[in-house]
Amino acid sequence: MEQTKDKLEQNGFIKIPDGRIYYESYGKGIPIILLHGNGENLSVLKEYGKELEKHCRVILMDSRAHGRSTIKMSALKKKTTAQDMAEDVKVLMDVIGIHQAVFLGFSDGANTALQFAASYPQRTKGVIAVSPNANPKGLVLPIRIWAKFNYNLLGGIHRFVKHHAKAEKEIQKQQLYMNLLLDSPNLTQNQLRCVKCPVLIFTGTWDIIKKEHIHWIAKNLKNSHVIRMQGATHLSFYRRKQEYLPCIWKFLNVAD
(Lines give C-alpha, C1' and ligand atoms only; values in the text may rest on other atoms or scores of the structure.)
Protein backbone atom coordinates (compact mmCIF):
# COMPACT_ATOMS: atom_id res chain seq x y z
CA MET A 1 0.00 0.00 0.00
CA GLU A 2 1.25 3.48 -0.87
CA GLN A 3 0.13 6.77 0.70
CA THR A 4 0.98 10.45 0.21
CA LYS A 5 0.33 13.28 2.66
CA ASP A 6 -2.08 15.38 0.61
CA LYS A 7 -3.73 12.77 -1.57
CA LEU A 8 -4.68 9.28 -0.49
CA GLU A 9 -3.26 6.63 -2.78
CA GLN A 10 -3.60 2.89 -2.28
CA ASN A 11 -2.98 -0.17 -4.35
CA GLY A 12 -2.70 -3.85 -3.61
CA PHE A 13 -4.53 -7.14 -3.42
CA ILE A 14 -7.45 -8.30 -1.31
CA LYS A 15 -8.44 -11.91 -0.78
CA ILE A 16 -11.71 -13.36 -2.03
CA PRO A 17 -12.82 -16.99 -1.58
CA ASP A 18 -11.93 -17.80 -5.21
CA GLY A 19 -8.65 -15.88 -5.53
CA ARG A 20 -7.33 -12.34 -5.18
CA ILE A 21 -8.53 -8.96 -6.47
CA TYR A 22 -6.10 -6.22 -7.47
CA TYR A 23 -7.24 -2.62 -6.93
CA GLU A 24 -5.99 0.95 -7.05
CA SER A 25 -7.47 3.94 -5.22
CA TYR A 26 -6.67 7.63 -5.37
CA GLY A 27 -8.22 11.04 -4.87
CA LYS A 28 -10.65 12.39 -2.25
CA GLY A 29 -14.38 12.92 -2.22
CA ILE A 30 -17.35 10.80 -3.27
CA PRO A 31 -16.21 7.17 -3.64
CA ILE A 32 -16.68 6.01 -7.24
CA ILE A 33 -15.81 2.45 -8.26
CA LEU A 34 -14.86 1.94 -11.92
CA LEU A 35 -15.57 -1.48 -13.42
CA HIS A 36 -14.10 -2.55 -16.77
CA GLY A 37 -15.59 -4.82 -19.41
CA ASN A 38 -15.17 -8.44 -20.48
CA GLY A 39 -11.55 -9.48 -21.10
CA GLU A 40 -10.21 -6.05 -20.12
CA ASN A 41 -8.39 -4.70 -17.06
CA LEU A 42 -8.47 -1.52 -15.00
CA SER A 43 -5.97 0.28 -17.24
CA VAL A 44 -8.69 0.97 -19.85
CA LEU A 45 -10.47 3.22 -17.32
CA LYS A 46 -7.45 5.13 -16.02
CA GLU A 47 -8.09 8.18 -18.20
CA TYR A 48 -11.59 8.46 -16.74
CA GLY A 49 -10.06 7.92 -13.32
CA LYS A 50 -7.66 10.84 -13.81
CA GLU A 51 -10.58 13.14 -14.59
CA LEU A 52 -12.84 11.88 -11.82
CA GLU A 53 -10.19 12.12 -9.10
CA LYS A 54 -10.55 15.92 -9.30
CA HIS A 55 -13.67 15.60 -7.12
CA CYS A 56 -13.94 11.92 -6.21
CA ARG A 57 -12.17 9.09 -4.49
CA VAL A 58 -11.58 6.78 -7.46
CA ILE A 59 -11.32 3.03 -6.98
CA LEU A 60 -10.35 0.85 -9.93
CA MET A 61 -10.26 -2.94 -9.77
CA ASP A 62 -9.37 -5.83 -12.00
CA SER A 63 -12.31 -8.24 -12.07
CA ARG A 64 -11.62 -11.82 -11.07
CA ALA A 65 -9.45 -13.62 -13.67
CA HIS A 66 -8.74 -10.29 -15.39
CA GLY A 67 -5.58 -8.19 -15.31
CA ARG A 68 -3.62 -8.75 -12.12
CA SER A 69 -6.54 -10.34 -10.28
CA THR A 70 -6.29 -14.10 -9.88
CA ILE A 71 -8.68 -17.02 -9.73
CA LYS A 72 -8.22 -20.52 -8.35
CA MET A 73 -8.36 -23.51 -10.70
CA SER A 74 -11.26 -24.89 -8.65
CA ALA A 75 -13.24 -21.70 -9.38
CA LEU A 76 -12.50 -21.94 -13.11
CA LYS A 77 -14.24 -25.31 -13.19
CA LYS A 78 -17.57 -23.68 -12.32
CA LYS A 79 -19.42 -20.89 -14.07
CA THR A 80 -18.62 -17.34 -12.99
CA THR A 81 -21.63 -15.04 -12.82
CA ALA A 82 -22.26 -11.32 -12.46
CA GLN A 83 -23.36 -12.08 -8.91
CA ASP A 84 -19.92 -13.56 -8.15
CA MET A 85 -18.32 -10.39 -9.45
CA ALA A 86 -20.69 -8.22 -7.42
CA GLU A 87 -19.70 -10.17 -4.30
CA ASP A 88 -16.04 -9.44 -5.11
CA VAL A 89 -16.88 -5.73 -5.17
CA LYS A 90 -18.56 -6.01 -1.78
CA VAL A 91 -15.49 -7.69 -0.29
CA LEU A 92 -13.28 -4.92 -1.68
CA MET A 93 -15.54 -2.23 -0.21
CA ASP A 94 -15.53 -3.96 3.18
CA VAL A 95 -11.74 -4.29 3.22
CA ILE A 96 -10.93 -0.69 2.22
CA GLY A 97 -13.69 0.76 4.38
CA ILE A 98 -16.24 2.10 1.91
CA HIS A 99 -19.85 1.80 3.03
CA GLN A 100 -21.50 3.36 -0.02
CA ALA A 101 -20.27 4.24 -3.51
CA VAL A 102 -21.24 5.36 -6.97
CA PHE A 103 -20.44 2.85 -9.70
CA LEU A 104 -19.25 3.55 -13.23
CA GLY A 105 -19.25 0.34 -15.24
CA PHE A 106 -18.66 -0.43 -18.89
CA SER A 107 -20.31 -3.46 -20.56
CA ASP A 108 -19.77 -6.42 -18.19
CA GLY A 109 -18.71 -3.86 -15.60
CA ALA A 110 -22.09 -2.15 -16.03
CA ASN A 111 -23.78 -5.51 -15.52
CA THR A 112 -21.80 -6.04 -12.30
CA ALA A 113 -22.78 -2.56 -11.12
CA LEU A 114 -26.49 -3.22 -11.69
CA GLN A 115 -26.20 -6.64 -10.05
CA PHE A 116 -24.54 -5.04 -7.02
CA ALA A 117 -27.16 -2.29 -6.85
CA ALA A 118 -29.94 -4.89 -6.93
CA SER A 119 -28.28 -7.02 -4.25
CA TYR A 120 -27.02 -4.20 -2.00
CA PRO A 121 -29.20 -1.14 -2.62
CA GLN A 122 -28.24 0.43 0.70
CA ARG A 123 -24.58 0.46 -0.35
CA THR A 124 -25.16 1.96 -3.80
CA LYS A 125 -25.32 5.74 -4.13
CA GLY A 126 -25.68 5.75 -7.92
CA VAL A 127 -24.92 3.75 -11.06
CA ILE A 128 -23.54 4.94 -14.39
CA ALA A 129 -24.07 1.95 -16.68
CA VAL A 130 -22.42 2.12 -20.09
CA SER A 131 -23.94 -0.42 -22.50
CA PRO A 132 -25.39 -2.82 -19.91
CA ASN A 133 -27.44 -5.93 -20.52
CA ALA A 134 -29.65 -7.51 -17.87
CA ASN A 135 -29.55 -10.92 -19.55
CA PRO A 136 -27.67 -12.51 -22.49
CA LYS A 137 -30.61 -12.05 -24.86
CA GLY A 138 -30.00 -8.32 -24.65
CA LEU A 139 -26.93 -8.80 -26.84
CA VAL A 140 -27.42 -8.71 -30.59
CA LEU A 141 -27.46 -12.18 -32.15
CA PRO A 142 -24.09 -11.99 -33.99
CA ILE A 143 -22.27 -11.38 -30.69
CA ARG A 144 -23.96 -14.38 -29.06
CA ILE A 145 -23.08 -16.57 -32.05
CA TRP A 146 -19.47 -15.32 -31.93
CA ALA A 147 -19.24 -16.04 -28.18
CA LYS A 148 -20.68 -19.56 -28.60
CA PHE A 149 -18.29 -20.32 -31.47
CA ASN A 150 -15.31 -19.16 -29.43
CA TYR A 151 -16.45 -21.06 -26.34
CA ASN A 152 -16.69 -24.30 -28.33
CA LEU A 153 -13.37 -23.64 -30.10
CA LEU A 154 -11.66 -23.09 -26.75
CA GLY A 155 -13.23 -26.30 -25.48
CA GLY A 156 -11.62 -28.17 -28.37
CA ILE A 157 -8.22 -26.60 -27.69
CA HIS A 158 -8.59 -27.40 -23.98
CA ARG A 159 -8.53 -31.14 -24.72
CA PHE A 160 -5.00 -30.78 -26.11
CA VAL A 161 -3.53 -28.75 -23.22
CA LYS A 162 -4.89 -30.65 -20.20
CA HIS A 163 -1.39 -31.68 -19.12
CA HIS A 164 0.05 -28.16 -19.37
CA ALA A 165 -1.19 -26.32 -16.29
CA LYS A 166 -0.37 -22.75 -17.41
CA ALA A 167 -1.90 -23.19 -20.87
CA GLU A 168 -4.94 -24.98 -19.46
CA LYS A 169 -5.63 -22.15 -17.00
CA GLU A 170 -5.35 -19.52 -19.75
CA ILE A 171 -7.81 -21.42 -21.97
CA GLN A 172 -10.23 -21.77 -19.06
CA LYS A 173 -9.99 -18.04 -18.35
CA GLN A 174 -10.88 -17.31 -21.97
CA GLN A 175 -13.83 -19.69 -21.66
CA LEU A 176 -14.88 -17.81 -18.52
CA TYR A 177 -15.02 -14.59 -20.55
CA MET A 178 -17.16 -16.22 -23.25
CA ASN A 179 -19.38 -17.85 -20.64
CA LEU A 180 -20.12 -14.47 -19.07
CA LEU A 181 -21.42 -13.28 -22.45
CA LEU A 182 -23.50 -16.42 -22.94
CA ASP A 183 -24.95 -17.04 -19.48
CA SER A 184 -24.80 -13.93 -17.31
CA PRO A 185 -26.24 -11.75 -15.92
CA ASN A 186 -29.82 -12.84 -15.38
CA LEU A 187 -31.44 -9.88 -13.72
CA THR A 188 -35.21 -10.17 -13.43
CA GLN A 189 -37.78 -7.38 -13.37
CA ASN A 190 -38.12 -7.82 -9.61
CA GLN A 191 -34.36 -7.57 -9.11
CA LEU A 192 -34.13 -4.41 -11.19
CA ARG A 193 -36.95 -2.93 -9.14
CA CYS A 194 -34.82 -3.47 -6.03
CA VAL A 195 -32.38 -0.83 -7.28
CA LYS A 196 -33.14 2.28 -5.22
CA CYS A 197 -30.51 4.72 -6.48
CA PRO A 198 -30.44 6.93 -9.59
CA VAL A 199 -29.13 5.13 -12.68
CA LEU A 200 -27.68 6.80 -15.77
CA ILE A 201 -27.57 4.49 -18.81
CA PHE A 202 -25.45 5.19 -21.87
CA THR A 203 -26.10 3.39 -25.14
CA GLY A 204 -25.05 4.00 -28.73
CA THR A 205 -26.93 3.97 -32.03
CA TRP A 206 -24.51 1.24 -33.19
CA ASP A 207 -24.18 -0.61 -29.90
CA ILE A 208 -24.15 -4.39 -29.50
CA ILE A 209 -26.95 -4.09 -26.94
CA LYS A 210 -30.45 -4.14 -28.40
CA LYS A 211 -32.26 -0.81 -28.22
CA GLU A 212 -35.44 -2.45 -26.92
CA HIS A 213 -33.46 -4.22 -24.20
CA ILE A 214 -32.04 -0.92 -22.92
CA HIS A 215 -35.59 0.45 -22.77
CA TRP A 216 -36.72 -2.66 -20.86
CA ILE A 217 -33.96 -2.17 -18.29
CA ALA A 218 -34.80 1.53 -17.88
CA LYS A 219 -38.53 0.82 -17.58
CA ASN A 220 -37.93 -1.55 -14.68
CA LEU A 221 -35.62 0.78 -12.76
CA LYS A 222 -37.32 3.24 -10.41
CA ASN A 223 -35.07 6.19 -11.21
CA SER A 224 -33.22 5.98 -14.51
CA HIS A 225 -32.25 8.15 -17.44
CA VAL A 226 -31.03 6.90 -20.83
CA ILE A 227 -28.61 8.83 -23.02
CA ARG A 228 -28.37 7.49 -26.56
CA MET A 229 -25.09 8.68 -28.06
CA GLN A 230 -25.52 9.37 -31.76
CA GLY A 231 -23.19 7.39 -34.00
CA ALA A 232 -21.67 5.63 -30.99
CA THR A 233 -20.53 2.00 -31.08
CA HIS A 234 -19.94 -0.26 -28.09
CA LEU A 235 -16.39 1.08 -27.69
CA SER A 236 -17.11 4.79 -28.19
CA PHE A 237 -17.02 5.23 -24.42
CA TYR A 238 -13.24 4.98 -24.65
CA ARG A 239 -12.86 7.00 -27.86
CA ARG A 240 -15.21 9.91 -27.16
CA LYS A 241 -14.50 10.71 -23.51
CA GLN A 242 -15.12 14.44 -23.88
CA GLU A 243 -18.72 13.71 -24.90
CA TYR A 244 -19.40 11.28 -22.04
CA LEU A 245 -17.66 13.18 -19.23
CA PRO A 246 -20.02 16.21 -19.04
CA CYS A 247 -22.97 13.84 -18.63
CA ILE A 248 -21.10 11.94 -15.93
CA TRP A 249 -20.25 15.15 -14.05
CA LYS A 250 -23.87 16.27 -14.27
CA PHE A 251 -25.05 12.94 -12.86
CA LEU A 252 -22.56 13.25 -10.00
CA ASN A 253 -23.80 16.83 -9.51
CA VAL A 254 -20.21 18.06 -9.48
CA ALA A 255 -18.95 20.89 -11.69
CA ASP A 256 -15.80 19.95 -13.59
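Starting from 1, each residue takes its place in the sequence as its number.
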Any chance you could lay out the side chain to side chain contact (heavy atoms under 4.5 Å, CB included) test for I21 and R64, step after step, and finish with the verdict? CA-CA 6 Å; I21 296 294; R64 59 168 60 199; 4.1 Å; yes
State, yes or no, whether a side-chain contact exists between [X] and [Y] at a heavy-atom distance under 4.5 Å.
{"X": "C56", "Y": "L252", "answer": "yes"}
{"X": "L192", "Y": "W216", "answer": "yes"}
{"X": "Y244", "Y": "I227", "answer": "no"}
{"X": "T80", "Y": "M85", "answer": "yes"}
{"X": "Y238", "Y": "L45", "answer": "yes"}
{"X": "R228", "Y": "I214", "answer": "no"}
{"X": "I217", "Y": "V199", "answer": "no"}
{"X": "V140", "Y": "K210", "answer": "yes"}

Would you sort out whether N190 and T188 count as a side-chain hydrogen bond (donor to acceptor under 3.5 Å, both in side chains), showing the intermediate values? CA-CA 5 Å; N190 287 339; T188 64; 5.3 Å; no
Is there a path from [X] to [Y] through hydrophobic residues (I, L, V, M, F, W, Y) whose side chains come within less than 4.5 Å of each other?
{"X": "I157", "Y": "M73", "answer": "yes"}
{"X": "L235", "Y": "W206", "answer": "no"}
{"X": "I143", "Y": "I145", "answer": "no"}
{"X": "F160", "Y": "M178", "answer": "no"}

Could you measure the distance from the [atom1] atom of [X] to the [atom2] atom of [Y]? Nearest 0.5 Å is fine.
{"X": "E87", "Y": "T112", "atom1": "CD", "atom2": "OG1", "answer": "11.0 Å"}
{"X": "Q191", "Y": "Q115", "atom1": "CD", "atom2": "CD", "answer": "6.0 Å"}
{"X": "L35", "Y": "L60", "atom1": "CG", "atom2": "CG", "answer": "9.0 Å"}
{"X": "T203", "Y": "I208", "atom1": "OG1", "atom2": "CD1", "answer": "10.0 Å"}
{"X": "L182", "Y": "Y151", "atom1": "CG", "atom2": "OH", "answer": "8.5 Å"}
{"X": "D207", "Y": "S107", "atom1": "CG", "atom2": "OG", "answer": "8.0 Å"}

Quick check on side-chain contact (heavy atoms from CB on, under 4.5 Å): which of T124, N133, L187 does L114 satisfy it with?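 Per the side-chain contact (heavy atoms from CB on, under 4.5 Å) rule, the option paired with L114 is L187, out of T124, N133, L187.
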Do Q100 and Y120 have side-chain N/O donor and acceptor atoms under 3.5 Å apart?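 The answer is no; no qualifying pair exists.
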Please determine, by modelled atom types, if S25 and R57 share a side-chain donor-acceptor pair under 3.5 angstrom.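 Yes.
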For the backbone of [Y] and the side chain of [X], can you confirm whether one donor and one acceptor N or O come within less than 3.5 Å of each other?
{"X": "H213", "Y": "L139", "answer": "no"}
{"X": "K72", "Y": "P17", "answer": "yes"}
{"X": "D62", "Y": "L42", "answer": "yes"}
{"X": "S184", "Y": "T81", "answer": "no"}

To check you understand the geometry: which heavy-atom pair defines the closest contact between [X] and [Y], and what is its length?
{"X": "V127", "Y": "F251", "value": "O-CZ, 3.7 Å"}
{"X": "K46", "Y": "Y26", "value": "O-OH, 4.2 Å"}
{"X": "P185", "Y": "N111", "value": "CD-ND2, 3.5 Å"}
{"X": "E168", "Y": "H158", "value": "OE2-NE2, 3.1 Å"}
{"X": "A110", "Y": "P132", "value": "CB-CB, 3.7 Å"}
{"X": "R123", "Y": "F103", "value": "O-CE1, 4.3 Å"}

Starting from the C-alpha separation in whole Å, work towards a yes-or-no answer on side chain to side chain contact (heavy atoms under 4.5 Å, CB included) for Q172 and I71. CA-CA 11 Å; Q172 288 184 308; I71 189 168; over 6 Å; no
Check [Y] with [X], please: is the shortest side-chain N to carboxylate O separation under 4.0 Å?
{"X": "E51", "Y": "K241", "value": "no"}
{"X": "E24", "Y": "R68", "value": "yes"}
{"X": "K50", "Y": "E53", "value": "no"}

Does K169, at its NZ atom, have more than 12 non-hydrogen atoms belonging to other residues, nucleotides or ligands within less than 6.0 Å?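 Correct, the count exceeds 12.
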Can you confirm whether more than 12 heavy atoms, excluding those of E47, are under 6.0 Å from its CD atom?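 Count not over threshold, so no.
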Can you say whether the rings of F237 and F202 are parallel (under 30°), tilted (30 to 60°) or perpendicular (over 60°)?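 Because their plane-to-plane angle lies in the 30° to 60° range, the rings of F237 and F202 count as tilted.
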Indicate, with yes or no, if the rings of H234 and F106 have centres closer together than 6.0 Å.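 Yes: the rings meet the under 6.0 Å criterion.
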Does the side chain to side chain contact (heavy atoms under 4.5 Å, CB included) test come out yes or no for L52 and L104, once each step is laid out? CA-CA 11 Å; L52 293 169; L104 168 57; 3.9 Å; yes
Does H55 form a side chain to side chain contact (heavy atoms under 4.5 Å, CB included) with I30? I'd like the steps, not just the answer. CA-CA 7 Å; H55 301 288; I30 304 165; over 6 Å; no
